[in-house]
There are 2 protein chains.
Amino acid sequence: MTTAKDPGSEILALHRATHATLQTLTSLLADLDLPAADLNVLANLADGAGRTVGALAAATATKPSTLTSLLDRLTRRGYLVRQSDLADRRSFVVLLTPDGLAVAKRAAEAIADLERQALVGVTPTQRAGFHAVIDALTELSQ
Amino acid sequence: MTTAKDPGSEILALHRATHATLQTLTSLLADLDLPAADLNVLANLADGAGRTVGALAAATATKPSTLTSLLDRLTRRGYLVRQSDLADRRSFVVLLTPDGLAVAKRAAEAIADLERQALVGVTPTQRAGFHAVIDALTELSQ
DNA sequence: TATTGTTATACTCTATAACTATA
DNA sequence: TATAGTTATAGAGTATAACAATA
């Protein structure tokens with residue numbers, strides 16, 4: 001046997017899983033009427049702490065220009081505000097409103113629920129392995 | 001300690017890693033001038049075997065209607081053909097041309113290279129854990 | 001009747017380049 | 001000069017509903 005059995009499998013599995021989980025989350029939270037990327041950003045803000053646009057871009061591995069229209073939409077909905085960063089006035093700090101925090105918490109809870117259900121038969125060791133691989137792939141791609 | 005330390009982390013990490021790896025792949029293969037989703041589909045076909053549109057949709061966790069324009073584009077480029085499935089004439093089998101196979105193999109190799117580089121310090125056990133978590137999340141979301 | 005895939009349609013996702021304000 | 005973020009722009013990604021062909 002000289003042939004690799006399953007070339008490309010981690011990254012292809014990653015993309016498949018991302019599509020699948022995004023669709024599931026969107027339909028679980030259909031009443032919020034928010035696209036998947038918005039849920040993702042909100043979940044990243046669910047701890048209530050402010051983050052600069054750049055920090056959010058890093059957290060989601062997207063570009064600031066990708067976030068602009070998304071943040072505009074969430075602002076229009078009353079879910080967040082952009083505050084000028086006092087420390088560096090080129091930056092904006094993204095801050096959830098009370099409404100936004102409630103929605104963000106629902107998104108984060110739906111994600112946590114989905115993980116709990118999916119990972120009921122998964123050991124902490126396997127979970128640690130998952131993060132080791134994910135982190136390695138993410139770090140190499142930055 | 002009653003608070004979970006890192007709620008939502010698997011799925012958020014998944015989405016971050018997907019964005020990061022897609023961007024890296026696209027720039028590694030910039031000379032092919034293909035968007036990320038095309039590379040993903042081609043890599044899924046790189047073994048040279050034909051697949052129905054439905055099977056491809058399942059492999060990428062997308063809908064057939066999402067694939068239509070993508071397959072049209074790859075057909076226009078001469079990378080694949082749709083053949084009527086003799087066993088079930090409602091179906092189309094997607095088959096790579098020789099040119100398409102060459103491009104698909106480059107995509108699959110770039111993915112394999114990226115994985116090799118990223119996972120050089122990752123143990124087989126960690127890798128197995130990764131797949132256990134990914135599979136659990138994917139299966140729950142179908 | 002049910003299923004496969006396309007078409008038509010409507011938005012969202014995403015990045016690059018040029019720009020503004022600030023550092 | 002360099003950086004943070006937006007604006008302008010262009011194209012790709014995605015799904016739903018309606019449809020045609022086949023089962």
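Because the structure is predicted, anything quoted here is derived from the model rather than measured. Letters A, B, ... mirror the listed sequences (proteins, then strands); counts begin at 1. The figures that follow rest on heavy atoms only: side chains count, while hydrogens, waters and symmetry mates do not.
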Which of D/dA15, D/dG5, D/dT7 is nearest the side chain of B/Thr62? It is D/dA15
Minimum side-chain heavy-atom gap A/Leu14-B/Phe130 below 4.5 Å: yes
So if I take every side-chain heavy atom of A/Arg89 and compare against D/dT6, C/dA23, D/dT14, which nucleotide ends up nearest? C/dA23
Roughly, in whole Å, what's the span from CD in B/Gln83 to P in C/dG5? 14 Å
A/His15 NE2 to D/dT14 P: how many Å, rounded? 11 Å
I'd like to check A/Thr21 versus B/His15 (side-chain heavy atoms, cut-off strictly below 4.5 Å). Are they in contact? yes
Give the nucleotide from the list D/dT14, D/dT6, D/dA15 with an atom nearest to the side chain of B/Ala37. D/dT14
For the pair made of CG in B/Asp72 and P in D/dG13, what is the distance, rounded to whole Å? 13 Å
For B/Leu34 and D/dG11, give me the distance from atom CG to atom P, rounded to whole Å. 16 Å
Contact class for A/Thr68 vs. all strands (heavy atom < 4.0 Å): base, sugar-phosphate, or nothing? base
Does A/His19 or A/Val93 map to a spot on DNA chain D nearer the 5' end, using the closest nucleotide for each? A/Val93
Considering only side-chain heavy atoms of A/Arg90, which listed nucleotide, D/dA4, D/dT6, C/dG5, is closest? D/dA4
Ion pair check, B/Asp113 and B/Arg106, cut-off under 4.0 Å: no
Separation of C/dA21 atom P from A/Arg82 atom CZ, nearest Å, is 16 Å
Under-4.0 Å salt bridge between B/Asp72 and B/Arg77: no
From C/dT14, D/dG13, C/dC13, pick the nucleotide closest to the side chain of A/Asp38? C/dC13
If hydrophobic clusters are built by linking Ile, Leu, Val, Met, Phe, Trp and Tyr wherever their side-chain heavy atoms come under 4.5 Å apart, do B/Val41 and A/Leu22 end up in the same one? no
What does B/Ser65 touch in the nucleic acid at a heavy-atom separation under 4.0 angstrom: a base, only the sugar-phosphate, or nothing? base
Within the pair A/Thr66 and C/dC13, is there a side-chain N or O less than 4.0 Å away from OP1 or OP2? no
What is the distance from CZ of A/Arg77 to C1' of C/dC11, rounded to the nearest Å? 13 Å
Residue A/Asp88, side-chain heavy atoms: nucleotide from D/dA4, C/dC13, C/dT6 that is nearest: D/dA4
Report the distance from atom CG of A/Asp85 to atom P of C/dT22, rounded to the nearest whole Å. 13 Å
Grab the NZ-P distance between B/Lys63 and D/dA12 for me, whole Å please. 23 Å
Selected nucleotide, minimal atom distance to B/Arg73 side chain, candidates C/dC13, D/dG13, C/dG5: D/dG13
On DNA chain D, does the nearest nucleotide to A/Gln23 precede the nearest nucleotide to A/Gly54 from the 5' side, or the other way round? Give the residue. A/Gly54
